[in-house]
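Written out below as structure tokens is the structure these notes cover.
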Protein chains: 2
Amino acid sequence: MFSKSCEYGLRAVIFIAQQSHLGHKASLTSISQAVDSPPAFTAKILQQLVKNNLIDSSKGPKGGFFMAPEAMKNLTLEAVVSVLDGDSIYTNCGLGLKQCNDKKPCPLHFKFVAIKEELQAMLQNTTLIMLVNEMNLDRFHLKR
Amino acid sequence: MFSKSCEYGLRAVIFIAQQSHLGHKASLTSISQAVDSPPAFTAKILQQLVKNNLIDSSKGPKGGFFMAPEAMKNLTLEAVVSVLDGDSIYTNCGLGLKQCNDKKPCPLHFKFVAIKEELQAMLQNTTLIMLVNEMNLDRFHLKR
DNA sequence: TCAATAAAGGACAATTTTATCCTATATTAA
DNA sequence: TTAATATAGGATAAAATTGTCCTTTATTGA
Ligand code: FES
Ligand code: FES
């Protein structure tokens with residue numbers, strides 16, 4: 001469904017949001033331990049998210065990755081996926097045709113479109129703050 | 001969503017079904033032209049489908065790939081996906097956790113499950129004969 | 001029988017994705 | 001000011017996916 005980069009990125013962002021909500025910055029080490037992802041690879045992914053202003057970072061001791069409370073309310077999973085995997089998951093043909101549209105559809109086009117729209121809506125409608133609040137219920141996991 | 005192998009395989013199977021419905025066998029060459037896929041690679045994919053008895057083949061002049069009318073009624077897209085990509089698309093965690101279940105869910109588990117079940121149902125409920133009949137409407141494409 | 005045709009299958013090559021390593025740069029606190 | 005900590009980023013490396021090439025085997029029709 002998503003690339004490994006995107007999976008790690010989503011898990012990392014959720015963890016960062018949790019920590020930010022508690023007033024902590026999350027170091028690369030703490031993130032990759034919390035979400036069980038390779039540290040150096042995770043660093044690259046987080047760099048992309050910082051560059052695209054989805055999250056913030058600061059160097060030095062006491063540094064790490066974090067999000068402003070404001071950002072947490074506005075940041076959707078869709079934005080994260082968009083930066084890491086692009087919009088191909090919504091716009092590509094499920095059968096791999098070079099273009100996907102209603103004019104020249106593959107035999108499964110309309111069925112795929114319905115599912116892809118549902119996925120996109122779900123990601124667009126889920127903000128980080130929503131997940132953080134749910135996660136407080138302590139039922140949900142980010143590793144294994 | 002699917003691997004390239006699976007995309008080519010699905011397109012090829014739909015074309016083979018079309019041709020079989022017309023009483024023709026489909027040669028590798030005709031298939032890879034019709035669905036715009038690399039011939040040698042497509043051959044490997046079709047071999048897998050033959051080995052798993054989803055489609056039939058015969059060697060020699062006038063040989064090619066084909067399906068019995070019976071098979072066409074029973075063969076679902078889900079069966080094709082299952083052989084080529086396994087069931088990972090339905091059973092894997094959307095965030096990449098090693099196991100996906102209700103007991104130890106990731107924060108998106110229940111939302112993902114709904115979408116994955118819809119996809120699976122769609123593939124299970126779509127038989128090749130259904131697609132062939134729709135394709136007769138001549139609105140749908142298998143290349144570009 | 002023989003030549004042509006077509007799938008089967010093994011070996012290998014290219015590309016993309018995933019992942020690591022190492023150095024540079026910035027920041028903090030003692 | 002210095003030592004320690006932490007992100008940034010370039011250069012590679014490993015692994016998985018995608019794709020090609022070539023030989024073998026089977027079948028058909030002349
Ligand atoms: S053309 Fe295939 S999903 Fe749209
Ligand atoms: S545990 Fe993540 S989708 Fe089920």
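What you see is a predicted model, and the numbers here were worked out from it, not measured in a lab.
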I'd like to know whether A:Lys73 forms a side chain to side chain contact (heavy atoms under 4.5 Å, CB included) with A:Leu128, so could you lay out the CA-CA distance, the side-chain angles of the two residues, the decisive distance to 0.1 Å, and finally the verdict. CA-CA 6 Å; A:Lys73 282 175 202 151; A:Leu128 268 295; over 6 Å; no
Measure the distance from CZ on A:Phe2 to P on C:dT17 and round it to the nearest whole Å. 16 Å
In whole angstroms, how far is the P atom of D:dG9 from the CD atom of A:Gln48? 11 Å
Expressed as a whole number of angstroms, how long is the span from A:Asp36:CG to C:dT18:P? 16 Å
Among D:dT7, C:dT28, D:dG19, which nucleotide sits nearest the side chain of A:Lys62? C:dT28
Side-chain donor/acceptor contact of A:Lys59 with base of C:dT25 under 3.5 Å: yes
First of A:Thr42 and A:Gly60 reached from the 5' end of DNA chain C, by closest nucleotide: A:Thr42
To the nearest Å, give me how far apart NE2 (A:His24) and P (D:dA6) are. 15 Å
Would you check if A:Met1 and B:Phe112 make a side-chain contact, meaning some heavy-atom pair closer than 4.5 Å? yes
Determine whether the side chains of B:Asp85 and B:Ser3 contain a donor N or O and an acceptor N or O closer than 3.5 Å. yes
B:Lys4 has a side chain; which of D:dT18, C:dA7, D:dT7 sits nearest to it? D:dT18
B:Pro61 side chain, from C-beta outward: closest of C:dT20, C:dA7, D:dT27: D:dT27
Would you kindly give the CG-to-P distance between A:Leu28 and C:dA26, to the nearest whole Å? 19 Å
Quick one: B:Asp56 CG to D:dA26 P, roughly how many Å, whole number? 18 Å
Would you kindly give the CE-to-P distance between A:Met1 and C:dT17, to the nearest whole Å? 18 Å
OP1 or OP2 of D:dG19 under 4.0 Å from side-chain N/O of B:Tyr8: yes
Of B:Gly63 and B:Pro38, the one whose closest DNA chain D nucleotide lies more 5': B:Pro38
Would you kindly say whether B:Thr42 and B:Ser32 are connected by a side-chain donor-acceptor distance under 3.5 Å? no
Taking only side-chain N and O atoms of B:Ser5, does any of them lie within less than 4.0 angstrom of OP1 or OP2 on D:dT17? no
Out of C:dA7, C:dT20, D:dG19, which has the shortest distance to the side chain of B:Ser27? C:dA7
Closest to the B:Phe41 side chain: C:dT20, D:dG19, C:dA7? D:dG19
D:dT5 P sits how many Å from A:Ile31 CD1, rounded? 18 Å
Tell me if the side-chain of B:Lys44 makes a donor-acceptor pair with the base of C:dG10, cut-off 3.5 Å, by modelled atom types. yes
Would A:Met67 and A:Ile16 count as a side chain to side chain contact (heavy atoms under 4.5 Å, CB included) if you check the C-alpha gap in whole Å, the side-chain angles of each, and the deciding distance to 0.1 Å? CA-CA 7 Å; A:Met67 308 175 51; A:Ile16 293 167; 4.0 Å; yes
Of A:Ala40 and B:Ala43, the one whose closest DNA chain C nucleotide lies more 5': B:Ala43
Side-chain touch B:Ser82/B:Asp87, heavy atoms, less than 4.5 angstrom: no
Among D:dG9, C:dT20, D:dG19, the nucleotide that comes nearest once only the side chain of A:Gln47 is considered: D:dG9
Contact class for A:Ser3 (heavy atom, under 4.0 Å): base, sugar-phosphate, or nothing? sugar-phosphate
Using a 4.0 Å heavy-atom cut-off across all strands, classify A:Ser58 as base, sugar-phosphate, or nothing. sugar-phosphate
